[in-house]
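Data first, discussion second: the structure below is written as structure tokens.
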Amino acid sequence: MISGDVFMLAGGAGEPRLLVRRLVSAGPAVLYVHGATFPSALSVVYRFEGHSWMDDLHRRGFDVWAFDFAGYGGSGRPVSFSRSPVGRPPGGRAPAACRQLARVVAHVLAATGGSRVSLIAHSWGSLVAGRYAAARPETVDRLALFGPIARRAATGHTVADFPGWRVVSVADQLSRFVEDVPAGHPPVLIEPQLASWGPAYLATDPRSGSRTPPAVQIPSGPVADIAAAWAGRLPYDPSRIEAPTLIVRGQWDSVSNDADAAWLMGRLGSRIKLDRKLPKGTHLMHLETGRTALFETVGRFLTGETNP
């Protein structure tokens, strides 16, 4: 169930239409930036036992916003989605995604009459939000990076290894969601088999049922961006970020590990920067039993916490 305002932000001049969500409040604006494989409806907006992260932020007094990048959820689908992905550059990479984020931020500021917005970004979304915050520091109040991607020195795939788009099934998602949980530990996913989340995920793509197995079509740009970052090429300069910044991650997160957090902490230009590692959580902690600790940690930061 999704409540609040849901509308389309018009495209034009080569830019796609974007689905935007809002839970209205008189408080400060916060905008959620989703990750590489599922849109806002399956992340910040998704309700377990009647309660979502968006609801939690709204309860704390925030005017809460979220949106879907092009190629995800309710936003426009690239023309390339109707063509073979082979031999095409991966779509939806950070520079194009950053333009979409900039359009949404501009709309938020115009709608609220404010001059700044706080950002919460998950996983690949941290590359987009980091790029935006580095380029437009005057518009970012606070920056919360949940499971952020950092630069690594190891070599990895090249962009040429990735097609224009790819498909992801519920089984693919489940395998990824549980791979970092220690062997023998009880499941930490709130829905261990994604009984409701899985069908809701497939429903974000009207053509998912035409594939065997059913799967959601998404751009390959985000995984190309992550591979590039892990080969030493981050799409932004952390030293240009000025906003107070929180790095928050689960104890078992292999995508955003201790070395990644230390690298970012050492290079952020922010005067206020915090690193929080939360117990018994993975890269998908917002879908797990430990999500309350994640919500509380981010909520405290957004309301002014500065203690290192």
Side-chain angles (χ1 to χ4, degrees), residues 34-48 53 68-69 71-73 81 85 90-92 121-127 146-150 152 154 156-157 161-205 207-231 248-258 260 277-291 294:
H34 71 72
T37 65
F38 52 94
S40 60
L42 276 296
S43 51
V44 69
V45 179
Y46 193 79
R47 285 188 169 121
F48 293 105
W53 196 354
D68 296 346
F69 285 108
Y72 295 85
F81 269 23
H122 178 226
S123 190
W124 165 77
S126 70
L127 298 179
F146 163 39
I149 306 299
R152 297 180 182 176
H157 296 290
D161 294 323
F162 297 97
W165 50 264
R166 62 195 183 111
V167 295
V168 180
S169 68
V170 175
D172 293 333
Q173 292 286 31
L174 182 58
S175 175
R176 185 174 69 93
F177 288 2
V178 302
E179 63 185 357
D180 284 342
V181 178
H185 194 282
V188 293
L189 278 176
I190 296 173
E191 291 183 358
Q193 298 302 318
L194 303 181
S196 296
W197 190 98
Y201 173 64
L202 294 176
T204 66
D205 180 353
R207 299 183 65 244
S208 63
S210 67
R211 306 179 184 106
T212 304
V216 173
Q217 184 181 26
I218 57 172
S220 290
V223 290
D225 285 335
I226 294 170
W230 288 352
V248 59
R249 58 221 161 81
Q251 172 188 3
W252 302 323
D253 189 343
S254 65
V255 179
S256 185
N257 58 32
D258 289 350
D260 294 330
K277 183 165 67 172
L278 306 179
K280 298 182 179 180
T282 76
H283 194 61
L284 289 304
M285 201 167 182
H286 52 331
L287 309 181
E288 297 173 350
T289 55
R291 68 179 186 148
L294 172 66

Under the side-chain contact (heavy atoms from CB on, under 4.5 Å) rule, what do R207 and F81 come out as? Steps first, then yes or no, please. CA-CA 11 Å; R207 299 183 65 244; F81 269 23; over 6 Å; no

Show your working on side-chain contact (heavy atoms from CB on, under 4.5 Å) between R211 and Q217 and close with a plain yes or no. CA-CA 10 Å; R211 306 179 184 106; Q217 184 181 26; 3.5 Å; yes

Could you give me the CA-CA distance, side-chain angles and deciding distance for V181 and W252, then say whether side-chain contact (heavy atoms from CB on, under 4.5 Å) is met? CA-CA 7 Å; V181 178; W252 302 323; 4.2 Å; yes

Take D172 and R166 through the salt bridge (charged side-chain N to carboxylate O under 4.0 Å, His left out) test and state the conclusion after the steps. CA-CA 12 Å; D172 293 333; R166 62 195 183 111; over 6 Å; no

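Closest non-hydrogen pair, G209 versus P214, comes out as CA-CB, 4.4 Å. The heavy-atom pair separating P148 from S126 by the smallest distance is CA-OG, 3.4 Å. Shown here for P192 and L174, the closest heavy-atom pair between the two residues is O-CD1, 3.3 Å. Minimum interatomic distance between L42 and Y201 (heavy atoms only, all atoms of both residues): CD1-N, 3.8 Å. Of all heavy-atom pairs spanning G92 and P222, the tightest one is O-CD, 3.7 Å. Taking both residues in full, the closest heavy atoms of P199 and S196 are given as CD-O, 3.3 Å, listed atom of the first, atom of the second, then distance.
A heavy-atom distance below 4.5 Å is found between the side chains of H122 and L284. The shortest side-chain heavy-atom distance between P187 and F177 does not fall under the 4.5 Å cut-off. With a 4.5 Å cut-off on side-chain heavy atoms, F162 and P85 do not count as touching. Residues V216 and V167 fail the side-chain proximity criterion, which asks for heavy atoms closer than 4.5 Å. For the pair R176/V168, no side-chain contact is recorded, criterion being any heavy-atom separation below 4.5 Å from C-beta on. By the 4.5 Å heavy-atom criterion applied to side chains, V255 and I149 are counted as neighbours. Using a 4.5 Å cut-off on side-chain heavy atoms (C-beta onward), S43 and F146 make no contact. Looking only at side-chain heavy atoms (C-beta outward), L287 and F38 come within less than 4.5 Å of each other.
One finds the OG atom of S210 at 7.5 Å from the CG atom of D205 (value rounded to the nearest 0.5 Å). To the nearest 0.5 angstrom, F48 atom CZ is 4.5 Å from I190 atom CD1.
Remark: D258 engages R249 in a salt bridge, criterion side-chain N to carboxylate O under 4.0 Å.
Judged by distance alone, the side chain of D260 and the main-chain N or O of A150 form no donor-acceptor pair under 3.5 Å. Remark: side-chain polar atoms of Q251 are paired, donor with acceptor, to backbone N or O of K280 under 3.5 angstrom.
Relative orientation of the W124 and H34 rings is tilted, given thresholds of 30° and 60° on the angle between their planes.
For E179, the CD atom sits in a packed shell: over 12 heavy atoms of surrounding residues, nucleotides or ligands are nearer than 6.0 Å.
If you check the side chains of S123 and H283, you find a donor sitting under 3.5 Å from an acceptor.
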